[in-house]
Amino acid sequence: MLDRKLLREQMDFVVAQARRKGVEVPAQEFLAADSEFRSLKTQLDDLRKAMNEKSKAIGMLMGQGKKEEAESAKAETGELKQQIQDLEGRERDLEAHITNLELLFPNLPHESVPDGKDENDNVVVRTWGEKPEFAFEPKPHWELGESLKLLDFPAGAKISGSGFPVYVGMGAKLQRALISYMIDFQTESRGYSEVYPPYLVNAESLIGTGNLPKFEEDLYKTQDNLYLVPTAEVPVTNVHRDEILEMWQLPIKYAAYSGCFRREAGAAGKDTRGLLRIHQFDKVELVKFCLPELSYDEHESMLADAEQVLRDLGLHYRVVLLCTGDMGEKGCKCYDLEVWSPGVGRYLEISSVTNFEAYQARRAKIRFKREQGGPTEFVHILNGSGLATPRLFSALVETYQHADGSVSIPDPLKRYLGTDLLTTPQ
RNA sequence: GGAAAGGUGGCUGAGUGGACGAAAGCGCCCGCCUGCUAAGUGGGUAUACCAAUAGGUAUCGCGGGUUCGAAUCCCGCCCUUUCCGCCA
């Protein structure tokens, strides 16, 4: 959601910026509805004022015991009341209309974001490490997962359906190890506070982060009108919904582990093998609330926080700056981290680090004051994965595999896993 | 799930139909005073929208209703606390 004043005063700019993302916005329709709304509101306020004055006068007459005068004054209020009710009806309709229009406006891209249409126009900012060389044909993780008894896809399909892998044995333990390692790293070395959020959230929370109303089809919904979280971003961002924060609290930095649930409705048949695209997965999510003028610095440092995990694990990756056409509606600037997965033979998107500026803050009403009695401002909100485990699992076992089918474990994970080599269990 | 009590500003808490956006206290901010500290003292201190300004409107958990008029009465929902039941 953008600032209404910005829409009102600089619509040409908004239209141009939205166009960079390839989005056509209903500019004239919005401006017309907005100006009608404002004049309606002024009218309505005047009517209400008149009504309030009459009521007060009646109260005074009653107090003075002038019953008859009070009664005749009462009789005169009927028409006013009717007018107010009529206008209130129109106001409600108009407001809903305006809100619907507002939701069609994407967040505006930052000036540093390259123009482009789709992923082909993204810019590789840097590459870390090199593709590992193998003296043999590296296997994909689904084969390693089966031979090493780490993953049981048929069992998952039986229990839940496709896209629900079962991690077994050392696979399950590796999963826990990755989560613990990442949470410990971000909280102990990077200043994040740990949060463990609910997995079911209400609609208000999803509206706050921008997942509703537009992306309902991606979500699992329960019969109690709660939704399974698609990412910890949703509950963690909403921790501070409807709050006015104090200056000294900023920046607030949270690291949260959660399961994530996605219907992947639009992606049926794509990346169906192994862990590449599944309905339930685990992720450590980083969320920051910060001062507007610092959000792009915080964005870079969050990116570095996520990158460090891959570096410590010795995994080759690249950082991609998404172009305007590929970054989605909600963000101002977004980096993707793509890890090399040798068996799959592709870079896999493993993290998106996004600066939303005030877009989510405005929806979720998360504000701050610079000083006592000063004006409220919206904080800037950023989030990024740090990281998602399925593709990390994939890159890890594929990168560290040996010709005999065993997999080495990089240093940071050894103490969590209790071993430095995964072999076929006897 | 059953029963009861309750949800008012940053916090505590008064307010059961009219001058209440809301007493009082605490906290916080600005000033005065005391040589410093503590105390004292005067004032200020919710949010959003509309308006060039003055100002106006709305908001007492949320939604609806009654009324000329609702924090206050009625209905529905949500949440909290306590007790009981059930349960990892």
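Within a 6.0 Å radius of NZ in A/K369, other residues, nucleotides and ligands contribute more than 12 heavy atoms. Shown here is A/K117, whose NZ atom has no more than 12 heavy atoms of other residues, nucleotides or ligands within 6.0 Å. The environment of CD in A/E111 is sparse: at most 12 heavy-atom neighbours from other residues, nucleotides or ligands sit within 6.0 Å.
With C1' as the reference atom, B/rC20 and B/rG69 are 13 Å apart, rounded to whole Å. Distance noted for atom P between B/rG44 and B/rA22: 12 Å (whole Å). One P atom belongs to B/rC36, the other to B/rU81, and the distance between them is 49 Å to the nearest Å. Taking atom P on both B/rG18 and B/rG85, the two are 45 Å apart, rounded to the nearest angstrom. Between the C1' atoms of B/rU59 and B/rU72, the separation comes to 16 Å (whole Å). Atom name P, nucleotides B/rA51 and B/rU45: the rounded distance is 24 Å, in whole Å. Between B/rG10 and B/rG6, the two P atoms lie 24 Å apart (nearest whole Å). Comparing B/rU47 with B/rA52, their P atoms are spaced 22 Å from each other, to the whole Å.
Note: A/Y196 and A/Y199 have tilted aromatic rings, judged against thresholds of 30 and 60 degrees for the angle between ring planes.
Mapping A/D46 and A/T42 onto RNA chain B by nearest heavy atom places A/T42 closer to the 5' end of the strand. Heavy-atom nearest nucleotides on RNA chain B were determined for A/M51 and for A/L44, and the one closer to the 5' end corresponds to A/L44.
Spacing between atom CG of A/L47 and atom P of B/rC50 amounts to 18 Å, rounded to whole angstrom units. A/E95 places its CD atom 14 Å from the P atom of B/rU59, with the value rounded to the nearest Å. A/D242 places its CG atom 12 Å from the P atom of B/rA48, with the value rounded to the nearest Å. We find that CH2 of A/W248 is positioned 14 Å from C1' of B/rG27, with the value rounded to whole Å. Distance A/L200 CG to B/rC78 C1': 17 Å, rounded to the nearest Å. In this structure, A/I366 places its CD1 atom 16 Å from C1' of B/rU47, rounding to the nearest Å. B/rC49 atom P lies 14 Å from atom CD of A/E91, rounded to whole Å. Rounded to a whole Å, the CG atom of A/N225 is 18 Å from the P atom of B/rG63.
The closest side-chain donor-acceptor pair between A/R391 and A/S341, if any, does not fall under 3.5 angstrom. In summary, the side chains of A/T222 and A/D224 do not present any donor paired with an acceptor at a separation below 3.5 Å, with no hydrogens or angles considered.
The phosphate of B/rA48 has OP1 or OP2 within less than 4.0 Å of a side-chain N or O from A/R367. Contact check, A/T376 against B/rA48: a side-chain N or O comes under 4.0 Å of OP1 or OP2. Residue A/N52 places at least one side-chain N or O closer than 4.0 Å to OP1 or OP2 of B/rU57. Distances shown here put every side-chain N or O of A/R48 at or beyond 4.0 Å from the OP1 or OP2 atom of B/rC49.
At the heavy-atom level, A/R370 lies nowhere under 4.0 Å from the strands shown. Among the atoms of the strands shown, only primed sugar atoms or phosphate atoms (P, OP1, OP2) are found under 4.0 Å from some heavy atom of A/I244. Among the protein residues, A/K41 comes within range of the nucleic acid bases, having at least one heavy atom under 4.0 Å from a base atom. Here A/S55 lies in heavy-atom contact (under 4.0 Å) with a base.
For A/R20 and A/D115, the salt-bridge test passes: some basic side-chain N is under 4.0 Å from an acidic carboxylate O.
Side-chain atoms of A/K81 lie closest to B/rC68 of the nucleotides B/rU47, B/rC50, B/rC68. Side chain of A/K369, nearest nucleotide from B/rU57, B/rC68, B/rA46: B/rA46. In this structure, of B/rC50, B/rG69, B/rU47, it is B/rC50 that holds the atom nearest to the side chain of A/R38.
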Q | Dot-bracket line, read 5' to 3' along RNA chain B, where crossing pairs take [ ] and | marks a partner on another strand, Watson-Crick or G-U under 3.5 Å | A | ((((((((.[[[..)..(.....]]]((((((.......))))))(((((....))))).[[[[[..)....]]]]])))))))....

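Atom CD1 of A/I179 sits about 11.5 Å away from atom NZ of A/K283, to the nearest 0.5 Å.
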Q.
Does A/D86 form a salt bridge (Lys or Arg N to Asp or Glu O under 4.0 Å) with A/R90? I'd like the steps, not just the answer.
A. CA-CA 7 Å; A/D86 291 349; A/R90 275 181 61 202; over 6 Å; no

